[in-house]
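Written below as structure tokens is the structure these notes are about.
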Amino acid sequence: MIFALDDFEAVARKRLPRCLYGFAANGSERGASVHANAQAYQRWGFMPQTLVDVSNIRQDCSLFGRRYASPVGVAPMGGCALFAHRADEALAAAAHAQRVPFVLSAASSTPLERVLEVAPATWYQGYMPGEEGPITSLLARLKAAKVEVLVLTVDVPVASNRDRDRRLGFSVPLRPTLRLAIDGLMHPRWLAGTFVRTLLADGVPLLPNFSAEGPARPIIAAPSPVARQHRDRFTWDHVRLARRLWHGRLVLKGVLSPADVGRAAEAGADAVILSNHGGRQLDGAVAPLDVLPQAVEAAGAMPVCIDGGVRRGTDVLKALALGARMVFVGRPMLYAASVAGQRGVEAAIQILRAEIATSLALLGCVSADRLCRDHLRAL
Ligand SMILES: Cc1cc2nc3c(=O)[nH]c(=O)nc-3n(C[C@H](O)[C@H](O)[C@H](O)COP(=O)(O)O)c2cc1C
């Protein structure tokens, strides 16, 4: 039975091939940042106010001129098509139906134009090359598709060291091996419901959203030179270039240091998402929550969002009380999609929303946008 976000993980873990579950769950190297993300939330306690009329709790919020039902969003995740049939559409449609933001990953498998038809307010997350030509053409494609919010992920200048994935025989790009085949065969529900169903309906999943150039490559092919496009040369100069060329909202995801948050504001970003990529990039990178107060100070008027390790409504409340404007959730949404597609993701968002409402009432805070530092004590 599903009562909390962690329950989706328990079911997904049984249903997914080991290597695939590991690819989602594991962090890089020793998993120190995955651990830090979860621990960071335990270092804050609540200071409830009693005898407050909490019969009318509110958690709706605004960002970038749009009204959202809750201050939570679905983080961008690549490779989702391996976890559930048409997972990108399921995630987008669920977020749309529940009126929360969804960020489509560059490494998604449904053309972004189709996702925007299903869910017109979808944000797009891109990996930008350190070269002007491909930046210009990608921005033109996004503009034509009427993307409103562009999220640039800046914590992946190079691929990280995921030795646990390699130990399970999993790599990006995916290389079909006997070991992976046996892993798949031992998980018949995933094999029939995701793998065979996807192959029959859509063929091998492609990666059509990395750039505006060339034909989309299959998820099992080596990344094209265009896809990598000197990402290791992407710098603040390119952020400023993207800012000059991009008409919509520009968000930088994967900054952690307050100094970088200040630079993002100076470069004209509309927001940042404090993130260590769910502990999947630099192992040992600090938990975003631990630097949130300083980041908010450095940001001035620019909104600061956050992700990493958020599993409960109380986690959302803590991040909001420390100054976050929107809190993004990654893995639990992917597990929910793998368990029950769009229905699963909608259920996950509803569980989080119910937990936020209950916790606000118990805290004696009538509206999520009134959360502040006074509601917390460092433990
Ligand atoms: C399977 C998987 C794939 C991911 N792919 C991307 C991606 O393509 N782009 C990106 O910016 N972040 C990606 N992330 C990181 C998430 O956007 C987010 O930062 C992280 O998952 C948040 O931590 P949480 O999973 O603990 O909620 C991915 C995360 C997972 C689990």
Side-chain angles (χ1 to χ4, degrees), residues 5-6 8-9 12-13 16-17 19-28 31-41 72-84 87-88 91 95 101-110 112 123-128 149-157 159-160 162 164-165 170-172 174 207-210 219 223 227 231 234 251-256 272-282 285 287-289 305-312 315-316 319 324 326-338 345 348-349 352:
L5 292 199
D6 284 342
F8 286 108
E9 174 164 7
R13 183 176 195 160
L16 292 168
C19 65
L20 210 50
Y21 169 74
F23 166 66
N26 291 337
S28 49
S33 293
V34 175
H35 184 69
N37 287 354
Q39 287 308 304
Y41 284 92
V72 290
V74 180
M77 284 172 287
C80 292
L82 301 171
F83 290 79
D88 300 312
L91 288 157
F102 165 66
V103 192
L104 180 72
S105 163
S108 50
S109 298
T110 306
L112 64 96
W123 301 12
Y124 169 85
Q125 174 264 321
Y127 291 112
M128 287 272 160
V149 183
L150 167 61
V151 178
L152 290 185
T153 293
V154 297
D155 56 4
V156 188
S160 65
R162 308 232 179 113
R164 285 197 256 183
D165 285 353
F170 190 89
S171 61
V172 179
L174 198 58
L207 294 171
N209 295 326
F210 263 111
I219 213 162
R231 215 186 287 164
F234 186 74
V251 179
L252 297 191
K253 171 175 183 282
V255 288
L256 278 173
V272 291
I273 303 177
L274 282 194
S275 172
N276 61 18
H277 216 102
R280 301 166 71 81
Q281 283 302 114
L282 175 63
L289 193 78
C305 308
I306 191 168
D307 74 14
V310 174
R311 301 294 179 263
R312 286 280 180 180
D315 297 338
V316 175
M326 183 69 77
V327 178
F328 287 90
V329 179
R331 294 176 179 88
M333 298 299 168
L334 185 55
Y335 298 139
S338 79
V345 182
I349 297 168
L352 212 45

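These numbers come from a predicted model, not from an experiment. In what follows, residues are counted from 1 in the order of the sequence shown. Heavy atoms only: backbone and side chains are in, while hydrogens, waters and symmetry mates are out. Counting starts at 1 for both ligands and their atoms, following the listed order.
Checked against side chain to side chain donor-acceptor pair (under 3.5 Å), S275 has the following partners two or more places apart in sequence or in another chain: D307. Residues satisfying the salt bridge (Lys or Arg N to Asp or Glu O under 4.0 Å) criterion with R312, sequence neighbours excluded, are E355. Applying the side chain to side chain contact (heavy atoms under 4.5 Å, CB included) criterion to A25, with sequence neighbours excluded, gives E9, Y21, Y335.
For ligand 1, the 4.0 Å heavy-atom shell contains residues F23, A24, A75, P76, M77, G78, S105, Q125, Y127, T153, K253, S275, H277, G278, R280, D307, G308, G309, R311, V329, G330, R331, L334.
Expressed to the nearest 0.5 Å, how far CZ of R280 lies from CE of M77 amounts to 9.5 Å. Taking CD from Q125 and CD1 from I273, the interatomic distance works out to 9.0 Å, rounded to the nearest 0.5 Å.
A donor-acceptor distance shorter than 3.5 angstrom exists from the side chain of D88 to the backbone of S109, with no hydrogens or angles considered.
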